[in-house]
*Asks:* 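Pasting a structure here, questions to come.
Note that the structure is predicted; figures quoted are calculated from it, not measured. We name chains A, B, ... by the order of the sequence lines, and we start the count at 1 in each one.
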Amino acid sequence: MNTKQLKHHIGQSITLKGWVSNRRESKTVVFINLRDGQGVCQCILGLEDLGDDLFNMAKSLGQESSVSITGVVIEDPRQVGGFELHATDLMVYQNAKDYPISNKEHGVEFLIDHRHLWLRSRRQWAIMRIRNCISYAIHNFFQKEGFVQMDAPIFTGNAAEGTTDLFETDYYGKPAYLTQSGQLYGEAMAMAMGKIYTFGPTFRAEKSKTRRHLSEFWMIEPEMAFCDIFENMDTIESFLRCVVQEVLEKCTDELQVLNRDTTQLETISKTFPRFSYDEAVEILKGEKDVNGQNSLLTIQQDIEDTSARIEEIRKDILEREAAIAAGGMKKGAINFNQNKIDTLKQELKQLEEDLRNLPQWLNSAKNFEYGNDFGGSDETVLTRLFDCPIMIYDWPHEIKAFYMKRNPEDPRFARGVDVLAPEGYGEIVGGGERETSEEWLVEKIKEHQLPMDVFQWYLDLRRYGSVPHSGFGLGLERLVAWICKLDHVRETIPFPRYYGRLEP
RNA sequence: GCCUUCAUAGCUCAGCUGGUUAGAGCGGUUGACUGUUAAUCAAUAGGUCCCUGGUUCGAGUCCAGGUGAGGGCGCCA
């Protein structure tokens, strides 16, 4: 029996097993919010129903104590979940004391240090369930479309694109690296199966301290034979649409816990705008408007709005502080105002940081040099103008990987595609069409000064039945972060690994 | 690697131009209250102000170095 099944047992006596997430008490009643992993249910434990011993035990329960409560299910629309349990019996597995995570706000460092316990809180519960839903939806989509899941190796012997961002391990006395992409193997597997996808961990030793980088993350890499870049973009679009719609449908409770504005996700049904690199540069530099908006003016406006909001918050804080200092306020009101001030200060900190960054971003967009790759801030500036994901294709070949196919009509460009998520989440998908010609590839490998011998197996794919083929890589954590609208990808994975973080 | 912000009670934070015994809320403990949703109310315990050195009659506050953390850039999903 669990809290999700209560609606089938109204008026019946049942037993729930779980953890005490909160407790309130008065002289003859104790209220316990019971969390069982599925959901929550408020349990009412009355002195008369339980007797002195059990009632006193109920009173002594600390947060996160593990218990089993038997009682009658009562429908009550005021309650979270819609039901409550009028207890007739209580069994305590363990009475927990001094649980470190209270229902108040905590700082990031403290919470991450207690990640093993933090996972129990409501918000994390919602995020992990959405992550699960996304994983399932991804498998579902590819399986329905006839893709075969095949796993690429995690140890790799060669460093295809430099060793600086690879983790080195000892493999029977030889250096081995943890995979940073299974793509080349994906191509080999696609030639065996037609359409495949990998779903596995990826490791990058980038010393990045940003809200969108992890050292260990999960990547989904489909690869399709007989597929050009445009068919690839079609696949990416229907894939993302399918996953987001699945979450909207299946995770209404979870999205609500996160306070996610779902109208911003429903725009997924729109056709994703597609721009060539050339067009995207014009938009970025403010030389071309889109949707009646100019990128530079939009950021300029953001700067002004942010400054105005900062002023507003400062004033609000001062007023509340003055009101408290003036005295005569009831303790409850003081408490309320102080909490409000805390939240406002939090927002203020965030806004002040934005205000430090925005002018840099504006500057970087203004002075963007044609031919360069887009930086994180450029992506933010671009996507600021759209409410659904956008795709950018045909990149200068110099800045793309050696295996990227050149546009036959204009060899200055490589047929890569990046998908940028809205709301500042940046690149969630990177992909493209792969080079089919052995000659071109050999030339590229030389140009990138890569060791030819380790790519012989890869070149075999072009020697024996080379066909046009494409694929892409999706960062699961970035997708989860965007769908849940989280500040940082470290909340999207149970035990995050990022620069400087290895425990717990 | 570069830039930037920060470190005060178990937790979240206040502490002004340096000045007596360092404060609040939450959490803990004790008590009050039949219905609370981060309950409320009263009382109570709880401190190496990150570390080292310096300036000063006097440093939580100023300066230098170190350590740890947040965020941004580069790089990327």
Side-chain angles (χ1 to χ4, degrees), chain A residues 21-33 40 42 44 46-48 62-63 76 78-80 84 86 97-114 122 161-162 164-165 180-181 183 202 204-215 217-221 317 321 324-325 330-332 334-339 341-343 345-346 349-350 352-354 356-358 360-361 363-364 372-380 399 401 418-421 425-431 472-479 481-482 487-490 499-501:
Chain A
S21 63
N22 198 10
R23 176 177 53 82
R24 298 166 297 281
E25 60 183 62
S26 61
K27 196 171 189 177
T28 56
V29 197
V30 174
F31 301 93
I32 285 175
N33 285 2
V40 284
Q42 172 166 277
I44 290 91
L47 173 59
E48 268 184 43
Q63 196 183 346
D76 186 342
R78 290 171 306 176
Q79 300 305 330
V80 179
E84 58 182 23
H86 287 236
K97 289 292 167 199
D98 300 325
Y99 184 68
I101 302 179
S102 68
N103 286 325
K104 247 218 144 188
E105 278 185 66
H106 296 280
V108 192
E109 194 182 358
F110 178 82
L111 287 171
I112 282 280
D113 282 342
H114 294 84
R122 191 123 182 85
E161 292 167 66
T164 49
D165 56 354
Q180 57 166 354
S181 166
Q183 191 215 299
T202 306
R204 303 226 176 135
E206 296 162 344
K207 291 180 178 173
S208 300
K209 291 191 99 169
T210 83
R211 60 186 67 211
R212 44 177 208 287
H213 283 88
L214 292 170
S215 306
F217 63 98
W218 288 70
M219 193 150 69
I220 293 89
E221 293 182 288
I317 290 175
E321 280 174 345
I324 293 172
K330 280 191 80 174
K331 202 175 171 188
I334 292 173
N335 199 352
F336 173 81
N337 276 296
Q338 223 132 33
N339 287 334
I341 288 171
D342 275 6
T343 335
K345 283 194 175 167
Q346 209 68 37
K349 243 185 188 169
Q350 185 66 55
E352 281 170 344
E353 210 154 72
D354 289 350
R356 277 194 293 272
N357 291 329
L358 280 167
Q360 290 176 31
W361 295 357
N363 217 29
S364 146
N372 286 347
D373 204 353
F374 291 144
S377 69
D378 301 322
E379 290 173 356
T380 309
I399 56 171
D418 280 2
V419 179
L420 310 181
Y425 284 92
E427 188 175 351
I428 49 171
V429 169
F472 60 93
L474 167 93
L476 178 63
E477 286 72 19
R478 286 193 184 171
L479 180 63
W482 167 50
D487 287 341
H488 200 296
V489 286
R490 67 180 151 229
Y499 185 53
R501 172 64 61 175

*Asks:* Quick one: the side chain of Glu84(A) and the base of G35(B), do they pair up donor-acceptor inside 3.5 Å?
*Replies:* yes
*Asks:* For U12(B), which nucleotide in any strand shown is its Watson-Crick or wobble partner with both distances under 3.5 Å?
*Replies:* A24(B)
*Asks:* Among U37(B), G71(B), G35(B), which is the nearest nucleotide to the side chain of Asp76(A)?
*Replies:* G35(B)
*Asks:* For the side chain of His106(A), counting heavy atoms from C-beta on, which of C11(B), C75(B), G70(B) is nearest?
*Replies:* C11(B)
*Asks:* Are Arg356(A) and G71(B) close enough that a side-chain N or O sits under 4.0 Å from OP1 or OP2?
*Replies:* no
*Asks:* Identify which nucleotide among U29(B), C76(B), G68(B) has an atom closest to any side-chain atom of Glu109(A), counting heavy atoms from C-beta outward.
*Replies:* G68(B)
*Asks:* Taking the side chain of Glu427(A) as heavy atoms from C-beta outward, which of C13(B), C75(B), A77(B) is closest to it?
*Replies:* A77(B)
*Asks:* I want to verify a distance call: between G72(B), G74(B), U34(B), whose nearest atom is closest to the Gln360(A) side chain?
*Replies:* G72(B)
*Asks:* Going by purine N1 to pyrimidine N3 plus the second Watson-Crick contact, or the G-U wobble pair, all under 3.5 Å, which nucleotide sits opposite G35(B)?
*Replies:* none
*Asks:* Nearest to the side chain of Ser102(A), heavy atoms from C-beta on, is which of G27(B), G35(B), G70(B)?
*Replies:* G27(B)
*Asks:* Does a side-chain N or O of His488(A) approach OP1 or OP2 of G71(B) to a distance below 4.0 Å, or not?
*Replies:* yes
*Asks:* Strictly below 4.0 Å: does Lys349(A) bring a side-chain N or O up to OP1 or OP2 of U5(B)?
*Replies:* no
*Asks:* Of the candidate nucleotides C73(B), G71(B), G28(B), which contains the atom at the shortest distance from the side chain of Asp98(A)?
*Replies:* G28(B)
*Asks:* Side chain of Gln42(A), base of U36(B): donor and acceptor closer than 3.5 Å?
*Replies:* yes
*Asks:* Do Ser102(A) and Gln63(A) get their side chains close enough for a donor-acceptor pair, meaning under 3.5 Å?
*Replies:* no
*Asks:* Report yes if at least one side-chain N or O of Arg490(A) is closer than 4.0 Å to OP1 or OP2 of G71(B); otherwise report no.
*Replies:* yes
*Asks:* With a 4.0 Å cut-off on heavy atoms, is Val429(A) in touch with a base, just the backbone sugar-phosphate, or nothing at all?
*Replies:* sugar-phosphate
*Asks:* Identify the nucleotide, in any strand shown, that forms a Watson-Crick or G-U wobble pair with C2(B), with both distances under 3.5 Å; if there is none, say none.
*Replies:* G72(B)
*Asks:* Counting only Watson-Crick or G-U wobble pairs whose two distances fall under 3.5 Å, which nucleotide matches A7(B)?
*Replies:* U67(B)
*Asks:* Report yes if some heavy atom in the side chain of Arg24(A) is under 4.5 Å from a heavy atom in the side chain of Gln42(A); otherwise report no.
*Replies:* yes
*Asks:* What's Asp373(A) touching, base or sugar-phosphate or nothing? Going by heavy atoms closer than 4.0 Å.
*Replies:* sugar-phosphate
*Asks:* For a quick check, tell me whether the side chain of Gln79(A) and the base of U37(B) share a donor-acceptor pair closer than 3.5 Å.
*Replies:* yes
*Asks:* Please pick, from G71(B), A77(B), U5(B), the nucleotide with the shortest atom-to-atom distance to any side-chain atom of Glu353(A).
*Replies:* G71(B)
*Asks:* Can you tell me the Watson-Crick or wobble partner of C57(B), both distances under 3.5 angstrom?
*Replies:* G19(B)
*Asks:* Could you check which of U36(B), C76(B), U4(B) has an atom nearest any side-chain atom of Arg24(A)?
*Replies:* U36(B)
